[in-house]
Amino acid sequence: MTPQPKASHFINGEYVEDTKGTPIPVIYAATGEQIAVVHTATPEIVEEALASAQAAQKAWAKMTGTERGRILRRAADIMRERNHELSVLETYDTGKPLQETLVADATSGADALEYFGGLAASLTGEHIPLGEDWVYTVREPLGLCVGIGAWNYPTQIACWKAAPALACGNAMVFKPSETTTLCALKVAEILHEAGLPAGVFNVVQGMGEVGGALVADPRVDKVSLTGSVPTGKKVYAAAAADMKHVTMELGGKSPLVIFDDADIENAVGGAINGNFYSSGQVCSNGTRVFVQKGIKEKFLARLAERTKGAVLGDPQDEAVNFGPMVSERQMEIVLGYIEKGKAEGARLICGGERVDRPGYFIAPTVFADVTDDMVIAREEIFGPVMSVLDFETEEEVIERANATEFGLSAGVFTRDFTRAHRVIGALEAGSCFINSYNDAPVEAPFGGVKASGVGRENSKEAIKHFSQVKSVYVRMGDVEAAF
Ligand SMILES: NC(=O)c1ccc[n+]([C@@H]2O[C@H](COP(=O)([O-])OP(=O)(O)OC[C@H]3O[C@@H](n4cnc5c(N)ncnc54)[C@H](O)[C@@H]3O)[C@@H](O)[C@H]2O)c1
Ligand SMILES: C[N+](C)(C)CC=O
């Protein structure tokens, strides 16, 4: 397959090109070579996309939920049929290993389309009796929604936003990250192949300025952003100026707490999944691994041993299980944090350097004896860098785990289920795990508290964030008035 898309944008049911926009090269992270090029959206392209979405939305909302749902479920089927092709493309777009993308990206997107397609017909209001009178409620779409994506899960992010938005009767203009421009176009293509009316889902390319123009447009009713906390703060503020609805799926520095009664193999597995999957480029990663003192050295020894199982190489080779950073820029950022960790005196257990091969590979890195004040324990790194901190008591670890502006995820490993629930109950996070890490099924709400986010994706919760309730009071008798 060639990763070069037919054109840069997808608007009103078709691919659209405008070479007046600045070229954005698509670089394969495993080699550093350019494999495609798209162009950033000009103001004319942004206008075309917004106008198409606005024009298409009303008729889409008038279709029955059953009809809308059928189209989304058909799109899910097509995504599953084309999983291999979509996974290869995801690997070109991100550099993530095909071994991962085959099971985590188009499949997760298809799950969202199937789940919200299934819910579409049951989005109803309620009847509230009030003696002779009554109130009924209607669940209505918000209207024109903007989706803005990060670069780590381009197919999944497009689908997690499009599926609930469209199920509720909204239209969407989606802007993928400028680092991963390819996958969202395929999502648009497949939705239209499944019968989506033209204009209901549109894709435009561009940097933050294009995102900013979409957020500022007065026709837009809702903005759903997946990105970093600093971008989230800007977008939230811009949206609030016009009372737009928002969903903010932002970054984290999540705690993973391992008590000394935990099954060590499972805990090590959880820490590996929560730090090295997608080469550490996962928002919910448990990058502060708190290990109770009694098992610290045993845990570290086993972790170092199992980390040797990382197979680096061409991510399109299914035997490879550890890919490069998405871009040279991300590699430089992560290497900078590794140097800070060394300079701050953390103990390097393994990794700690760029891998000597083409592309942007960094060896899976573990630091031990990390303290709460170190930069590597406070800031989101978004790469394969695990910080292991030790603790003595439950009260102490809860307080230290919560001492952060972030609140996306948290995990606990222990055989004591009473303690597991008590500790999870006390941790300030939106998406939590007991004796597991980083599972994200569509049935479960996903999102953060504190600076990590506003609102939830997936599950029935997402419906609340893409619809609003109208209540209608119905008087059966005469109107009583004071005069
Ligand atoms: N919580 C989640 O579900 C989740 C999932 C994936 C990634 N993330 C987070 O995303 C971050 C990594 O992604 P990134 O580097 O692409 O993030 P980023 O914040 O740099 O960019 C995210 C998106 O916002 C756009 N953007 C930038 N400035 C903008 C502005 N002023 N107005 C409108 N749009 C603007 C970018 O072009 C991009 O499409 C990490 O912090 C990670 O934790 C969160
Ligand atoms: C949502 N999730 C955890 C699958 C990917 C976040 O980066």
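All values below come from the heavy atoms of this structure, side chains included, with hydrogens, waters and symmetry mates left out. Counting starts at 1 for both ligands and their atoms, following the listed order.
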Looking at Tyr337, is Lys340 sitting on its ring face, NZ or CZ under 6.0 Å from the six-membered ring centre and within 45 degrees of the normal?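 Geometry flag: set, cation within 6.0 Å and 45°.
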
Find out whether the Lys NZ or Arg CZ of Lys96 is both under 6.0 angstrom from the six-membered ring centre of Tyr153 and within 45° of the ring's axis.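 Yes, Lys96 lies over the aromatic ring of Tyr153.
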
Without hydrogens or angle criteria, can the side chains of [X] and [Y] be said to hold a donor-acceptor pair below 3.5 Å?
{"X": "Thr91", "Y": "Thr101", "value": "yes"}
{"X": "Glu17", "Y": "Ser8", "value": "yes"}
{"X": "Asp314", "Y": "Tyr28", "value": "yes"}

Among protein heavy atoms, which sits nearest to atom 6 (C) of ligand 2, and what does the distance come to when rounded to 0.1 Å?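 Checked against all protein heavy atoms, atom 6 (C) of ligand 2 sits closest to Cys283 SG, 2.5 Å.
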
Considering only the protein, which heavy-atom contact is closest to atom 3 (C) of ligand 2, and what is its distance? Ser284 OG, 3.2 Å

Contacting atoms of ligand 2, where contact means under 4.0 angstrom from a heavy atom of Asn152: 6 (C), 7 (O)

Atom indices of ligand 2 within 4.0 angstrom of Tyr153 heavy atoms, with elements: 5 (C)

For residues Trp151 and Phe382, establish whether the separation of their ring centroids is below 6.0 Å. yes

Phe466 ring center near His245 ring center (under 6.0 Å): no

When you measure from atom 2 (N) of ligand 2 to each heavy atom in Gln156, Glu249, Gln281, Glu457, which option holds the nearest one?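 Checking each option, the heavy atom nearest atom 2 (N) of ligand 2 is found in Gln156.
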
Counting only non-hydrogen atoms and a 4.0 Å cut-off, the residues near ligand 1 are Ile148, Gly149, Ala150, Trp151, Asn152, Lys175, Pro176, Ser177, Glu178, Met207, Gly208, Gly211, Gly212, Leu225, Thr226, Gly227, Ser228, Thr231, Val235, Glu249, Leu250, Gly251, Cys283, Glu380, Phe382, Leu408, Phe446

Pick one: which of Ser279, Ser278, Ser87 meets side-chain hydrogen bond (donor to acceptor under 3.5 Å, both in side chains) with Glu100?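 Of Ser279, Ser278, Ser87, side-chain hydrogen bond (donor to acceptor under 3.5 Å, both in side chains) with Glu100 is met by Ser278 alone.
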
Approximate separation, where rounding is to 0.5 Å, of Cys168 SG and Lys222 NZ: 9.5 Å

Would you kindly specify which portion of Trp160 sits under 4.0 Å from ligand 2, judged on non-hydrogen atoms: side chain, backbone, both or neither?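 Looking at Trp160 and ligand 2, just side chain atoms fall under 4.0 Å.
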
Heteroatom distance test (Asn438, ligand 2): nitrogen or oxygen, under 3.5 angstrom: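 Between Asn438 and ligand 2 (N or O atoms, distance only) the closest approach is not under 3.5 Å.
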
